[in-house]
Amino acid sequence: MGIDKRKAQKGKWRIPEKSLFLIALALGSVGSILGMYTFRHKTRHKSFVIGMPLILLLQLLLAGMLLYQDMTKETTYTGIGMGTVIVVDAYGRDSGQAADDIAALVTDLDEYSLSWRKPDSALAHINDRLLAGESVQLSAEERSRLEEILNLCRASDGALDITLRPVLDLWGIEGDNPTVPDEKQLQTVLNNHTGYEKLHITEDGILSAEDTGCMLDLGALGKGIACDEIRERLENMKITGAVVSVGGSILTYGKKPDGASFKIGIQDPRGEQGSAAGYLTLGGDMVVSTSGDYEKYFMDGDKRYHHIIDPETGCPADSGVISVTVVSRSGMESDGLSTACFVLGRERSQELLKQYDAEAIFITEEKQIYISDGLKDAFQLINEDYEIMEE
Ligand code: AMP
Ligand code: MG
């Protein structure tokens, strides 16, 4: 589950051409000053006395302009990673490098760390062992991450449960032939092979499962975890600001060059993909995660069967909300909480959100929008089909 840092592509050390040019300008300026000083007794020509300071001024101006350009350099990138769309909008000298690094980082996280689907991932190796009835020695990083995740499962009263994979497979919502499973089979799998409480980590970091059918699925938190890792990477680069979206989780980082806040659209749950019900205006260093019943689903008549499962019933959660957005500094928490709050519904989520110091927006089936106090001033409604509710 911990990413193999050797396989992750790091930013290459380099001096950009612009920096070399700036160094040349600086050296030129120093040369001019020295020249003026050395020959100050030898020439009193007006052209020299006025010309030299003018050249110096021009050089400084040019250097300032180049520096400003460097700080405001913008790179945008769109690609695919973690089975979703990755969009990067970064500002600063290293913005081009940052976009490349982020794309590689997300691919590596998926391939070698978090995806149960990828045979070389640390998670797949853990699952292989658990399914074989064996225990697994976790690395320190894996252990602390898994403990945090299990705490989140516990705090949500099991609304977030990372062991639901066998139930999700019965529904097949992510596949080509989704179906409503046989009730008896569903209950058998739910009772016998799921439940995060069946996972145990010893003092020495050894993970075991009470049941041989138990496996881990971090689909509810992976994109948020990616946002946390991306933030860490950006901190080590010359980036002044960035917005990075990894599917339903969006990281804001630093500031825009003009100091303006970031505008984050909240998907209209019943609109076209990319159309917003409203938007949030936020500063840097936040992660905004949205869980909605429109992401993966199939219809049976009027009934919508979506991908967020209520662990109590084994069926798609039916808490009256169709979209939940959670804003938090931690990507993992914002992503995990958005899924948990979708299962719990608005009222039952309040304590959990308070516990994690997170803010949220709930959109209900009746197209009502409930916004927590900390986000009220930040939210702007665009689509008038929705109504903002005062609690
Ligand atoms: P998200 O879009 O972040 O809400 O995550 C949804 C994904 O998490 C689904 O596609 C499943 O893989 C997984 N999942 C569904 N229901 C749950 C649940 N109650 N707890 C944990 N993971 C879940
Ligand atoms: Mg989530």
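We count ligands from 1, going down the list as the structure has it; atoms in each ligand are counted the same way.
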> Is the distance between the Mg ion (ligand 2) and the nearest N/O/S atom of Ser291 smaller than 2.8 Å?
Replying inline: no
>> Checking a contact table here: which protein heavy atom is nearest atom 16 (N) of ligand 1, and how many Å away?
In response: Ile309 N, 3.0 Å
> So which protein heavy atom does atom 1 (P) of ligand 1 come closest to, and at what separation?
Replying inline: Thr339 OG1, 3.3 Å
>> the Mg ion (ligand 2) and Ala220: any N/O/S contact shorter than 2.8 Å?
In response: yes
>> Any non-hydrogen side-chain atom of Tyr356 less than 4.5 Å from a side-chain atom of Ser328?
In response: no
>> Looking at Glu147 and Arg143, is any side-chain nitrogen of the basic one under 4.0 Å from a carboxylate oxygen of the acidic one?
In response: yes
>> For the backbone of Asp293 and the side chain of Arg304, can you confirm whether one donor and one acceptor N or O come within less than 3.5 Å of each other?
In response: yes
> For ligand 1, which atoms have a heavy atom of Lys296 less than 4.0 angstrom away?
Replying inline: 10 (O)
> Looking at Leu168, which atoms of ligand 1 are within less than 4.0 Å of one of its heavy atoms?
Replying inline: 11 (C), 12 (O)
> Closest non-hydrogen protein atom to atom 21 (C) of ligand 1, residue and atom name please, with distance?
Replying inline: Asp161 O, 3.1 Å
> Considering only protein heavy atoms, which is closest to atom 2 (O) of ligand 1, and at what distance to one decimal place?
Replying inline: Glu295 OE1, 3.4 Å
> Counting distance only, does the side-chain N/O of Gln350 pair as donor-acceptor with the main-chain N or O of Arg346 below 3.5 Å?
Replying inline: yes
